Amino acid sequence: MTTLYKRYIPPKQGVATATPPVAAPITAKAPVAPVTEPRRKRERDDDEKAERKAKKLKKQTKGNGSGEVELVTAADIVDDGETTAVEPSTPSKPDHSSEFGHIKNMKKRRKLEKEARAARKAAQKSSCDEEVEPFVREPGKDVDGGTKFDHVVVRTDDATRVDKITPSLIAEDDNPAVQHRESIVERLASPPTKELSVPAIAPAKRKAALNVPEVESGVASPAAASDITPAPEKPRKRRHKLEAVLDHPKDVSGDLNAVDDHDEHLKNFGGVLNKFHSSQQKVQKRNEEEPETIEVDPVPAVEKRDLVPFPQPVNEVMPSFAAPSGLPDWLRAPITVSKDVEKTFEALDLPKAVVELLRFLGFSSALPVQQALIPLLMPPGTQGAKFSRVMESIVPDIAVSAPTGSGKTIAYLLPIIEALKCGNASPQTLKALIVVPTRELVAQVTAVAESLLKGSDLTVGIATGSSKLGDEQQRLIKTGSKYDPAHYKVLMEKAQRRDYPPSEDSDEFDVFIEEMENWDDRLEREIQDAIHGLVDHVPTYKSAVDILVCTPGRLLEHMSSTIGFSIVHTVWLVLDEADKLLDQQYDGFLERLNDELSRPRTGSEQGPRERFLRARGAWDARFEQRVRKVVLSATMTRDIGKLSALELKRPQMVVVQGAESDEPMDDVQGDGDYYELPSTLTEYCVPVGDGSDKPLHLVALLDSKILGSRSKQVPKGKGRAGGLTVARSADEDEGLKSDSDSNASVSSSDSSTISNDISSHSSQSSDDGNEDDNKANRPSPKSLSTDTRASPPTILIFTSSTESAERLTSLLQKLRLDWAEWISSLTKTSSKASKRSSSASAPFITIATDRAGRGLDDLQGRRITHVIQYDVPHSLTAYVHRVGRSARAGESGEAWTLYTDSQARWYVNDIMRAPNVKRRAPVERVRVDAGGEEMKAQYAEALDGMREMVFGK
Ligand SMILES: Nc1ncnc2c1ncn2[C@@H]1O[C@H](COP(=O)(O)OP(=O)(O)OP(=O)(O)O)[C@@H](O)[C@H]1O
């Protein structure tokens, strides 16, 4: 006989693979056991016999009581007739008060009692149900001719449900064998579970799908079960009698007890069976209407491939990409201009008159920055312009980075002047604004602009802090008058209220207070002009200049207090030395400027054409001439954070790269700002020990290296500053310490070299074996000296402060009386370098501060041949601009820097070997002797004299 429900029999430990899976047949009670499955009996001990007896007794008693429902007690559950795996009971004291008191094993007894209580409870619950007829159905056969189920459990407690349990569900149970008995009791006591109606799937398939090995699940396939004879000695689990009901075949015959039991079951569970049948019919009907489908994940079609190797990527050499710098395109890919390219102004296709003018000024060929910038800035559509007329509204703002002395001033002034000449900007308005950081530069740029404006009616003005504001206002603003009685009346009323304020109680007092709060210099000026003008006439104010060159501070002053000063018509804005203007010290300047340039014009600020068109509603944004910005510097920052303050539109960067360089620009390291020094510049540095004798080192340097034979004869008894010692490259030094050490030895041992003869020094330098091959090509001090001495030396000495400059001027004049007439100072307090030079051929020495560091092109019309940094610069950019006062526009120049021991490390690392500075040749270190005791005594004497000057005797 094949059972529908296979009980789980755990495999023997450690022999799972050796022992084939055995489907243990589950039989009903012994009397109705199938022939094919001989019942196995075992000897019962006394306890069990007693238990059975008690159970029977109880059953009879209960059955008689209810008459309808057979009470299933825990005793039934532990009914014998099957082999059992119950653990051996331990002897315990019998409790005769309990119905299971005869069971010695306390644990077992309590369990039985518990089960009995549960069974009793279940029986009480179902007592109201109709009489249940037991039924027996043939396992494996269709319940109602429809779906075939592996196992059917008929509940006897409520007799309303039939659960169909498939092997899969059984397989999902973690340990069915262990919990089997408890589950029976639970089912009896628990509410009906959801009815399952999943069509049976072949157990073998299911197991494969669930990947549950048969051995472990203990559920054998029907086929397997039929083949395998159960081993009689296998331990069996005790079954519930209800299971026997289900497993009992209908056609069992031959065993009278079994038949009786069968009848009894039919009698007890007939109602349940009927309900089950009706339920199955319903399910079948529903399935016929809506055939249930099991959604199975589609198995992906297997792609058949030939056994060919997978295609491999071609091993190509990838192009190398520059690391993204994070800069915008216009900064990362600027327009680069090589210094090698030479072009005349004619080649730039400039108007003939312009070329003639430039030639007249002495400029025939355009410098590289001029070649690049002039076409970009020329008015679109005009001769020599890069952009056509139709591109007028999209022409870019320009940022320029070009070395010092590369000719940037003409590069921007020339096209601006050309644009203003042919432009249609309102007359008597300020059209171009050029902002530079110092008043010296204002004067210099103005001079260049005036030279380029020759023959034009355009005018240029200046605004610096060097003159009085009122005077400047007079020069910048042209005052007129017009008949306007209404406005005249308003002005007079205001003047009257100011001079004769209304009483505090009157209504006019509030108006008066408000007026006084808004009273400013411009209104005062207007009222004064109205009072002093014709009756019923009001003053008018127009710009007296077309181009204004100014410093930022004075510009702001005019914007806030000069009546008639307006930049709303400005179409060009140039910021020369832009990086300096972006500095913190000019904080707020650019914001004010940008706000003013972009604000809409008031009615009085509009020109007649604009007013006319606006009145007719025909004014178009296209008519607005926007400001075009040009920003320039030799040390132009690439810091986009700073540059954004300029509010450039469609910006384009122009970078001039020097030629004649040993190393290409690409070799300059760093992703940040980088600078280039003029290729005609030669740099030297002079260590001055602890700096206590620095003035003497300066005198020695000037005397022996720069002035040379021009240095006058020292009066008898006066010492002369030291001489030149061995010159060698700073890069040859091992370190700063050794450098200091060597300084002393060289200075002391080299007294024989003290000489004013440059030629003897030069020969000494060239004889120096330390010069390596790499430096063979660079100009030796001799050749440079020859170049720079072709014209009288014009020397610019930088100090750190105005006091330092003044002090040094006095000291030098005292130390070298023969130089006194050559020496002047250029500081904040001295408006211009004092003229001391007696003749054009005499040397010229100017002691200045950093205010001369930017833009200064000459000293009183003389090109600067030597720059001496008496005090080291405060930054690399300051150094670049200082040394750039020399070696301009292709001329040769020298830059000397004195540094003390304490400044040596910073100077060497940040200046001399700065990775982001491109220089033609390394800085050369030159030692000068500060002089002997005699010179030092003279120095002490000069200091005493200066002390007396300051503090008195
Ligand atoms: N085309 C030219 N040919 C020869 N010399 C020129 C030419 N253009 C300008 N120069 C001269 O070059 C010198 C430097 O010019 P400029 O002052 O414009 O330099 P810069 O680039 O503004 O320098 P810096 O950055 O130091 O201000 C000036 O003396 C000027 O006269």
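Every value quoted in this text rests on a predicted model; they were computed, and no experiment measured them. Numbering of ligands and ligand atoms starts at 1, following listing order.
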- Task: Identify, by atom number and element, the atoms of ligand 1 in contact range of Ser406, meaning under 4.0 Å from any of its heavy atoms.
- Result: 19 (O), 20 (P), 21 (O)

Throw together a table of side-chain donor-acceptor distances under 3.5 angstrom for residues 360-382, partners on residues two or more places apart or in other chains.
unit_1: Gln370; atom_1: OE1; unit_2: Leu367; atom_2: N; d: 2.9
unit_1: Gln370; atom_1: NE2; unit_2: Gly407; atom_2: O; d: 3.0
unit_1: Gln371; atom_1: NE2; unit_2: Val341; atom_2: O; d: 3.0
unit_1: Gln371; atom_1: NE2; unit_2: Ala366; atom_2: O; d: 2.9
unit_1: Thr382; atom_1: OG1; unit_2: Pro379; atom_2: O; d: 2.5

- Atom CD of Glu342 with >12 non-hydrogen neighbours under 6.0 angstrom: no

- atom 11 (C) of ligand 1 - nearest protein heavy atom and its distance: Ala889 CB, 3.8 Å

- Hey, is Glu891 close enough to Arg888 for a salt bridge, meaning N to O under 4.0 Å? no

- Classify the contact between Ser365 and ligand 1 as side chain, backbone, both or neither, using a heavy-atom distance cut-off of under 4.0 Å. backbone

- Query: Is the shortest N/O to N/O distance between Gly407 and ligand 1 below 3.5 Å?
  - Reply: yes

- Task: Select one of side chain, backbone, both or neither to describe which atoms of Glu577 lie under 4.0 Å from any atom of ligand 1, heavy atoms only.
- Result: side chain

- Message: Starting from atom 6 (C) of ligand 1, what is the nearest protein heavy atom, named by residue and atom, and what distance separates them?
- Response: Phe363 CE2, 3.4 Å

- Could you find the nearest protein heavy atom to atom 26 (O) of ligand 1 and give me its residue, atom name and distance? Arg888 NH1, 2.8 Å

- Closest protein heavy atom to atom 23 (O) of ligand 1, given as residue, atom name and distance to 0.1 Å: Gly405 N, 2.8 Å

- Query: Side chains of Thr680 and Arg920: is there a donor and an acceptor less than 3.5 Å apart?
  - Reply: no

- Among side-chain atoms of Thr637 and Asp579, is any donor-acceptor pair under 3.5 angstrom? no

- Message: Using a 4.0 Å heavy-atom cut-off, which part of Arg885 comes near ligand 1: side chain, backbone, both, or neither?
- Response: side chain

Pair up each side-chain donor or acceptor in residues 411-422 with any protein partner under 3.5 Å, not counting sequence neighbours, and list the distances.
unit_1: Tyr412; atom_1: OH; unit_2: Asp576; atom_2: OD2; d: 3.2
unit_1: Glu418; atom_1: OE2; unit_2: Lys421; atom_2: NZ; d: 3.1

- Item | Electrostatic pair Lys649-Asp397, nearest N-O below 4.0 angstrom | no

- Any idea which atoms of ligand 1 are less than 4.0 Å away from a heavy-atom of Thr409? 16 (P), 17 (O), 18 (O), 22 (O)

- Atoms of ligand 1 less than 4.0 Å from Gly855 heavy atoms? 27 (O)

- Of all protein heavy atoms, the one nearest atom 25 (O) of ligand 1 is Lys408 NZ, 2.8 Å

- Message: Below 3.5 Å, N or O to N or O, backbone or side chain included: is there any such pair between Asp857 and ligand 1?
- Response: yes

- Could you tell me whether Lys694 and Asp871 make a salt bridge, using a distance below 4.0 angstrom between a side-chain N and a carboxylate O? yes

- Of the side chain and backbone of Gln370, name the one, both, or neither that has a heavy atom under 4.0 Å from an atom of ligand 1. side chain

- Under 3.5 Å, is there a donor-acceptor pair between the Thr794 and Arg862 side chains? yes

